[in-house]
Participant: 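I am attaching a structure below and will ask some questions about it afterwards.
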Amino acid sequence: MRVVVSSLLGLSLICSTAWAVETAPAPTAPAPATQATTATPPSQTQKPQTLPANKPGTVPAAGNVDVDAYGLPLETKPLTAEQLAKNKVLQEAKVKALVKDQATRLQQLEKANLDALSQNQELQLKNDSLGVQVQVLQSERSAQMFLYGAATIAVGVLLGFLIASYVYTKRRRQW
């Protein structure tokens with residue numbers, strides 16, 4: 001149980017840092033220069049500089065940015081409504097493209113399935129007709145064998161009568 005809890009905690013920490021993405025500033029504001037900072041303990045973080053009253057639109061310098069325990073700046077702004085809307089539109093476009101792609105694949109599969117079914121029916125009909133032809137040929141062959149057997153018996157009987165009559169007439173002459 002202890003291993004499961006610790007692994008879930010570690011996984012959640014890894015996932016939270018993997019999803020932490022810095023957002024780009026709005027295109028109207030100039031991008032502030034960033035300075036490489038080292039992670040400092042939370043008790044030694046830098047305090048934010050207050051803006052002068054006469055300059056309400058200025059952005060504090062990069063050196064005055066608060067850093068949390070993980071070394072991430074505290075001023076990271078959440079996504080704006082425009083960015084969220086753009087992300088949502090992009091995701092919907094991706095979903096629509098996937099749905100459209102799957103719809104075309106589905107149509108292709110249905111067409112291939114119908115082709116295979118029609119070909120299957122044709123082959124079944126051909127198989128049935130060939131089965132009928134085999135039965136006809138077998139019955140013709142058996143009828144032909146019957147006729148050969150009858151002809152053989154008839155020839156045998158005729159030869160038997162001829163030989164018997166020849167032998168019988170030869171004996172009469174000897175008397």
Participant: Say you draw a straight line from CD of Gln138 to CZ of Arg141; how long is it, rounded to the nearest 0.5 Å?
Facilitator: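 One finds 11.0 Å between CD of Gln138 and CZ of Arg141.
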
Participant: Quick one: pull up CE in Met145 and OG1 in Thr152 and give me the separation to the nearest 0.5 Å.
Facilitator: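 The CE atom of Met145 sits 10.0 Å away from the OG1 atom of Thr152.
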
Participant: Can you pull the salt bridge (Lys or Arg N to Asp or Glu O under 4.0 Å) pairs that have at least one residue in residues 79-91, sequence neighbours excluded?
Facilitator: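 For residues 79-91: none.
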
Participant: Which atom pairs, donor and acceptor, lie under 3.5 Å between side-chain atoms of residues 107-127 and protein residues at least two apart or in another chain?
Facilitator:
unit_1, atom_1, unit_2, atom_2, d
Ser118, OG, Leu114, O, 3.4
Ser118, OG, Asp115, O, 2.8

Participant: Suppose we screen for side chain to side chain contact (heavy atoms under 4.5 Å, CB included). Which residues come up paired with Glu140, at least two apart in sequence or across chains?
Facilitator: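 Here the qualifying residues are Val136, Leu137.
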
Participant: Would you give the length of the straight line joining atom CD1 of Ile153 to atom CG of Leu158, rounded to the nearest 0.5 angstrom?
Facilitator: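 The distance works out to 13.5 Å.
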
